[in-house]
Visitor: 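There's a structure below that I have some questions on.
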Amino acid sequence: MNQKEAIAKLVSLFTEEESLKEQIAEVKSEAKESGLNAAVLSSVAKAIVANKVDELLEKSESTLEAIEVARG
């Protein structure tokens with residue numbers, strides 16, 4: 001691979017990345033319009049992709065416990 005080929009491949013990938021970012025923003029916007037919590041949905045989706053659902057669940061449970069302690 002030479003520099004020109006590497007640059008061409010990177011340009012293509014960065015273009016695709018921008019398109020995906022736009023699509024993600026659209027889905028989040030649609031979720032918000034539907035009354036859903038887009039930030040939570042995004043966190044769950046990222047955890048699924050990263051295979052870290054159990055970690056997210058533990059973090060959420062810890063957060064709920066801290067809220068209960070603060071309210072108590």
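Residue numbers run from 1 in the order of the sequence given. Note: hydrogens, waters and symmetry copies are ignored here, and every other heavy atom, side chains too, is used.
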Visitor: Apply salt bridge (Lys or Arg N to Asp or Glu O under 4.0 Å) to Glu26 and list each qualifying residue two or more places apart in sequence or on a separate chain.
Guide: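 Checked Glu26 against salt bridge (Lys or Arg N to Asp or Glu O under 4.0 Å); zero matches.
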Visitor: According to salt bridge (Lys or Arg N to Asp or Glu O under 4.0 Å), does anything in residues 2-25 pair up with another residue at least two apart or in another chain? List the pairs.
Guide: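 Checked against salt bridge (Lys or Arg N to Asp or Glu O under 4.0 Å) - neighbours excluded - the pairs reaching residues 2-25 are Glu18-Lys21.
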Visitor: Grouping I, L, V, M, F, W and Y whenever their side-chain heavy atoms are under 4.5 Å apart, do Val44 and Val27 come out in a common cluster?
Guide: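 No, because Val44 and Val27 fall into different hydrophobic clusters, even though each may have its own neighbours under 4.5 Å.
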Visitor: May I have all residue pairs that pass side chain to side chain donor-acceptor pair (under 3.5 Å) and include part of residues 36-65, sequence neighbours excluded?
Guide: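 For residues 36-65: none.
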Visitor: Using side-chain hydrogen bond (donor to acceptor under 3.5 Å, both in side chains) as the criterion, list what pairs up with Gln23, not counting sequence neighbours.
Guide: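 Partners of Gln23 by the side-chain hydrogen bond (donor to acceptor under 3.5 Å, both in side chains) criterion, ordered by chain and then number, come out as Ser19.
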Visitor: Other than Ile7, what residues sit in its cluster of Ile, Leu, Val, Met, Phe, Trp and Tyr side chains whose heavy atoms are under 4.5 Å apart, directly or through others?
Guide: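 Reading the cluster by chain and number, Ile7 sits alongside Val11.
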Visitor: Hydrophobic clusters here meaning ILVMFWY residues chained together by side-chain heavy-atom distances under 4.5 Å, can you tell me if Val40 and Val53 are in one?
Guide: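 Val40 and Val53: one cluster.
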Visitor: Taking the hydrophobic residues Ile, Leu, Val, Met, Phe, Trp and Tyr, and joining any pair whose side-chain heavy atoms are under 4.5 Å apart, which ones share a cluster with Leu41?
Guide: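 Members besides Leu41, by chain and number: Leu36.
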